[in-house]
Protein chains: 2
Amino acid sequence: MELSVAEENYIKAIYSLSQSGKVSTNDLAQAMQTKASSATDMLKRLGEKALVNYVKYQGVSLSDAGNRVALKTIRKHRLWEVFLVNKLQFGWDEVHEIAEELEHVRSAKLTEKLAEFLGDPRFDPHGDPIPNSAGELPKHSVKTLGECKTGEQLILQRVNDGNPEFLQYLERIALHLGEKLKIKSQYTFDNSVEIERQDGSVLMLSETVTNNLYVIEQ
Amino acid sequence: MELSVAEENYIKAIYSLSQSGKVSTNDLAQAMQTKASSATDMLKRLGEKALVNYVKYQGVSLSDAGNRVALKTIRKHRLWEVFLVNKLQFGWDEVHEIAEELEHVRSAKLTEKLAEFLGDPRFDPHGDPIPNSAGELPKHSVKTLGECKTGEQLILQRVNDGNPEFLQYLERIALHLGEKLKIKSQYTFDNSVEIERQDGSVLMLSETVTNNLYVIEQ
DNA sequence: AATTATTTTTAGATTTGCCTAAAAATATAT
DNA sequence: ATATATTTTTAGGCAAATCTAAAAATAATT
Ligand SMILES: [Mn+2]
Ligand SMILES: [Mn+2]
Ligand SMILES: [Mn+2]
Ligand SMILES: [Mn+2]
């Protein structure tokens with residue numbers, strides 16, 4: 001079953017949106033930067049191919065087959081990001097867009113040889129977990145810094161990789177994966193957070209920032 | 001100017017066919033494994049984009065812009081082949097098809113970083129020359145073993161990479177790039193050729209084989 | 001419960017890339 | 001030079017993926 005680039009991208013988007021609840025046509029269209037009518041069209045096609053469970057007006061979810069496609073594509077995406085950063089010396093802010101193209105190269109043998117070449121990494125440069133060849137995801141954080149309480153001691157485990165400027169900002173303030181953080185105070189009027197860093201210095205982070213940083217407890 | 005995968009593939013085919021004379025719609029359609037009417041359609045579009053010089057019924061040639069696109073795509077194709085063979089340990093018979101997909105990944109920075117990572121190779125695993133970033137091609141052989149005369153002493157410089165079975169055959173008889181060969185005899189009834197190898201052994205090659213081996217004089 | 005607002009789907013077009021069948025142009029043979 | 005064969009283009013259609021505008025279904029308000 002040969003899937004088009006568009007179909008794979010829709011499936012990835014449905015997978016991603018599913019993590020935070022039921023998926024509506026509107027949300028999907030927004031995620032795909034297209035119109036709701038286009039999303040409806042695609043959902044009908046994916047439904048006929050049994051990649052999604054789609055009932056008119058009732059939203060959509062991935063079938064088992066669709067889930068496998070999503071995980072396979074995500075695996076490829078993240079492996080290529082590791083390649084670009086670790087082998088080609090790209091910055092972590094430059095690789096997402098290129099990986100969006102590379103993830104659609106078909107050869108399964110390529111994926112497995114690439115994984116081996118990279119030493120079977122379990123996480124990509126942004127801390128995102130890489131599904132193994134069986135489609136199993138390593139444990140990873142789903143808790144954002146924004147959801148934590150004052151006083152908590154945390155480790156930065158992953159960051160959202162979609163926005164290059166956000167990644168450049170993290171680079172600028174030298175906030176790297178693995179760093180230990182402690183929440184000093186939280187301001188309810190704008191949901192900004194003050195954190196204490198490993199070196200004792202203090203940093204103010206906006207709500208937008210804390211919502212895109214994922215942490216685990218120290 | 002964003003080109004589609006189909007457009008890039010047509011341009012590559014026109015480039016390749018141009019090496020051996022004027023390019024007709026029929027030849028192009030055959031090379032693209034499609035119908036003449038489809039080729040005509042595409043030639044009109046490429047003509048409007050000024051990538052080819054196309055006059056109805058008069059055949060086609062690449063414009064300067066088209067030539068640059070062809071060389072850029074060929075550069076990417078051959079660099080990826082080097083990557084697949086040298087870094088991922090693919091066999092030389094497995095890489096052409098995968099490179100046909102990878103060559104369409106857009107990022108120019110990726111191409112240059114990849115070239116650097118590979119040590120700026122000048123030839124791909126099949127001996128095909130890799131255009132540099134300015135689009136200049138290294139000197140390479142255009143003379144096939146089939147065109148040579150009895151008694152000539154030659155070096156195998158490159159082989160056609162399109163047919164995996166042909167490459168597996170060369171592997172089987174351990175005929176590798178760089179090997180020194182001497183033509184012992186030629187048979188006009190079927191254009192087969194007997195060659196003497198470096199180790200003194202003798203090998204019989206069919207016309208199909210000799211037409212796909214490119215040599216330089218020793 | 002009825003009205004209003006929002007979401008979702010349908011209807012009808014458009015573009016790219018391909019197809020078949022027919023017409024037109026060019027090349028070859030008598 | 002005329003007839004025949006071949007090549008090339010045109011005409012008309014189809015599928016994928018998108019769009020806008022309108023209709024239908026669902027959700028939210030009064
Ligand atoms: Mn990414
Ligand atoms: Mn990532
Ligand atoms: Mn090749
Ligand atoms: Mn090659």
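Just so it is clear: chains get the letters A, B, ... in the order the sequence lines come, proteins before strands, and each one is counted from 1. Worth saying up front: this structure is predicted, and the values here are computed from it rather than measured.
One interatomic measurement links the two molecules: CG of A:Leu46 to P of D:dA15, which rounds to 18 Å at whole-angstrom precision. As rounded to whole Å, 10 Å separates atom P of D:dC19 from atom CE of A:Met32. For A:Asp41 and D:dT20, the CG to C1' distance is 13 Å, given to the nearest whole Å. Distance CG (B:Leu3) to P (C:dT16): 12 Å, rounded to an integer number of Å. Rounding to whole angstrom units, CG of residue B:Asn9 and P of C:dG17 are separated by 11 Å. Remark: C1' of C:dT15 and CD of B:Glu48 are 13 Å apart, rounded to the nearest angstrom. Atom P of nucleotide D:dA17 and atom CD of A:Gln33 are separated by 18 Å, given to the nearest angstrom. Atom C1' of nucleotide D:dA27 and atom CD of A:Gln58 are separated by 12 Å, given to the nearest angstrom.
Put simply, the side chain of A:Thr25 and the base of C:dT9 share no donor and acceptor less than 3.5 Å apart. Side-chain atoms of A:Thr40 and base atoms of C:dT10 include no donor and acceptor less than 3.5 Å apart.
A sub-4.0 Å separation between OP1 or OP2 of D:dT9 and a side-chain N or O of B:Lys35 is absent. Contact annotation: A:Lys56 side-chain N/O to D:dT26 OP1/OP2 distance is not under 4.0 Å. Between A:Ser38 and D:dC19 there is a side-chain N or O to OP1 or OP2 distance below 4.0 Å. Close to C:dT8, at under 4.0 Å from its OP1 or OP2, lies a side-chain N or O of A:Asn26.
You'll find that the side chain of B:Glu7 is closest to C:dG17, out of C:dG17, D:dA17, D:dT8. Of the candidate nucleotides D:dT10, C:dG17, D:dT7, C:dG17 has the atom lying nearest to any side-chain atom of B:Arg45. With distances taken from any side-chain atom of B:Thr34 to the nucleotides C:dC19, D:dT18, D:dA21, the minimum falls on C:dC19. Distances were taken from every side-chain heavy atom of A:Ser37 (C-beta onward) to each of C:dA11, D:dT8, C:dG17; the shortest belongs to C:dA11.
More than 12 heavy atoms of other residues, nucleotides or ligands lie within 6.0 Å of CD in A:Glu147, so this atom counts as buried by the packing criterion. Within 6.0 Å of CD on B:Gln19 lie more than 12 heavy atoms contributed by other residues, nucleotides or ligands. No more than 12 heavy-atom neighbours from other residues, nucleotides or ligands sit within 6.0 angstrom of CD on A:Gln30. Residue-environment remark: NZ (B:Lys143) exceeds the threshold of 12 foreign heavy atoms within 6.0 Å.
As judged by a 4.0 angstrom heavy-atom cut-off over every strand, A:Ala6 is placed among residues touching the sugar-phosphate backbone only.
For the pair B:Lys87 and A:Phe83, the cation-pi test (distance below 6.0 Å, angle within 45°) is failed.
Between A:Tyr57 and B:Tyr10, it is A:Tyr57 whose nearest contact on DNA chain C lies nearer the 5' terminus.
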